[in-house]
Amino acid sequence: MNSGERELSAVGTAGAARSWALGLGWTFLTLLGTGCSCRREHQALARASLESPRGAVEAFAAYLRAGLHEYEYRCFSADFTARNQLSLFTYAQAREELARRQPWLELFATPEVVGEIARGGGRHDVDVRLGGRTYRVNLVREETFRISADDELLANDFTDFASRLELEQRSGGGAQLVARLPLPSADIDLERATSVVLQRLWKIDGVAPLDSPD
């Protein structure tokens, strides 16, 4: 082999090494980007909450992206599920039909909030951009209580949140907050209870387009 051939061989080897290093670098960046995306989704799920109207919209989007159908269902109001004849047990199967009748559903994975309107009386609207259109999300505040024993539900119902709470003065000074909850039966064994929750949550009650497509 002459010197020219050796030089070409060396150049080819160096080029191959650079190509390999570049490919490895792109692979690493791709994996890093995927990891960042997964972390963002995990963080979105960890932050998901129905305690505010905007939070309910963002929580539903996070559950939709993650394919968590049970949690998607829990974002809808009782009236919405009744109007659309949905139940927790049928939602996964009925979701395809719901998406056909409610085209916004599949677009909701990446909503852009562009406005909010407080209606009062436990109602609130959030305007979002979905697929080039603006939609108005109607939300209602539902007030409920739930008593559980591990995975067993002992009692739950709708209630008037404020009327269930009482502030009592303590004889030694200070005060204590007392929650009085109605029970369907006196036979419920509260000794087994592991969770008592009285809550106000915002639920999606309807979605409608506000304008025509761009």
Side-chain angles (χ1 to χ4, degrees), residues 42-64 66 68-91 108 111 113-128 135-208:
H42 291 161
Q43 290 168 356
L45 289 172
R47 292 193 304 267
S49 169
L50 306 181
E51 295 180 1
S52 71
R54 182 169 183 152
V57 169
E58 293 172 344
F60 180 73
Y63 297 145
L64 190 65
L68 299 175
H69 298 336
E70 178 178 341
Y71 287 87
E72 288 176 32
Y73 174 84
R74 296 186 188 281
C75 291
F76 294 123
S77 70
D79 283 345
F80 181 94
T81 56
R83 291 195 308 269
N84 289 279
Q85 298 180 325
L86 299 173
S87 73
L88 178 58
F89 301 104
T90 64
Y91 178 70
F108 218 98
V113 176
V114 295
E116 294 188 52
I117 305 171
R119 299 292 185 188
R123 304 194 72 87
H124 197 101
D125 292 342
V126 176
D127 293 344
V128 298
Y135 287 77
R136 175 155 292 170
V137 185
N138 309 125
L139 297 113
V140 295
R141 189 177 63 201
E142 292 186 345
E143 303 179 342
T144 62
F145 76 91
R146 183 180 69 253
I147 303 174
S148 304
D150 295 325
D151 294 331
E152 181 184 352
L153 187 63
L154 300 181
N156 75 308
D157 205 348
F158 292 94
T159 190
D160 180 1
F161 186 95
S163 70
R164 296 300 171 192
L165 297 176
E166 295 181 14
L167 193 63
E168 295 183 351
Q169 300 296 322
R170 304 180 65 177
S171 57
Q176 63 182 2
L177 184 64
V178 178
R180 302 186 183 279
L181 305 177
L183 297 179
S185 170
D187 297 330
I188 293 178
D189 184 5
L190 294 179
E191 291 293 330
R192 298 174 50 232
T194 55
S195 173
V196 179
V197 178
L198 174 64
Q199 59 190 358
R200 284 172 166 165
L201 298 179
W202 289 92
K203 302 293 187 75
I204 295 172
D205 195 51
V207 181

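Everything quoted here is computed from the prediction, not taken from an experiment.
Each of Arg119, Arg54, Glu116 was checked for a side chain to side chain donor-acceptor pair (under 3.5 Å) with His124, and the lone residue meeting it is Glu116.
Annotation: the span from Thr194 atom OG1 to Leu154 atom CG amounts to 7.5 Å, rounded to 0.5 Å. Rounded to the nearest 0.5 angstrom, Arg200 CZ and Ser52 OG are separated by 14.0 Å. To the nearest 0.5 angstrom, Tyr73 atom OH is 4.0 Å from Thr81 atom OG1. We find the OG-CG distance between Ser195 and Asp151 to be 11.0 Å, quoted to the nearest 0.5 Å. A distance of 10.5 Å separates CD of Glu143 from CZ of Phe158, quoted to the nearest 0.5 Å. Separation of atoms CZ (Arg123) and CH2 (Trp202) is listed at 9.0 Å; rounding is to 0.5 Å.
The environment of Glu168 atom CD is dense: over 12 non-hydrogen atoms of other residues, nucleotides or ligands sit within 6.0 angstrom. Heavy-atom neighbours of Tyr91 OH from other residues, nucleotides or ligands within 6.0 Å: above the threshold of 12. The neighbour count for Gln199 CD, taken as heavy atoms of other residues, nucleotides or ligands under 6.0 Å away, is above 12.
With sequence neighbours excluded, no residue forms a side-chain contact (heavy atoms from CB on, under 4.5 Å) with Ala186. Scanning for side-chain contact (heavy atoms from CB on, under 4.5 Å) contacts around Phe145 gives Ile147, Ala155, Asp157, Thr159, Leu181, Pro182, Leu198, with sequence neighbours left out.
Ion pairing of Glu142 with Arg74 is absent here, as no side-chain N (NZ or NE/NH1/NH2) approaches a carboxylate O to less than 4.0 Å. A salt bridge is absent between Lys203 and Asp79; no separation between the charged side-chain nitrogens and carboxylate oxygens falls under 4.0 Å.
Residues Phe60 and Phe76 bring their aromatic ring centres within 6.0 Å.
What you find for Leu50 and Ala59 is that their closest heavy atoms are CD2-CB, 3.9 Å.
Counting heavy atoms from C-beta on, the side chains of Leu167 and Leu165 never come closer than 4.5 Å. Taking 4.5 Å as the limit, some side-chain heavy atom of Val57 sits within range of a side-chain heavy atom of Leu139. Side-chain contact between Ile117 and Arg136 is present, with heavy atoms from C-beta onward closer than 4.5 Å. Residues Leu177 and Glu166 fail the side-chain proximity criterion, which asks for heavy atoms closer than 4.5 Å.
Remark: side-chain polar atoms of Asp150 are not paired, donor with acceptor, to backbone N or O of Glu152 under 3.5 angstrom. Side-chain atoms of Arg83 come within 3.5 Å of backbone atoms of Asp205 as a donor-acceptor pair (strictly under, hydrogens ignored).
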Before giving the answer on side chain to side chain contact (heavy atoms under 4.5 Å, CB included), spell out for Glu51 and Leu201 the whole-Å C-alpha distance, their side-chain angles and the decisive distance to 0.1 Å. CA-CA 5 Å; Glu51 295 180 1; Leu201 298 179; 4.1 Å; yes
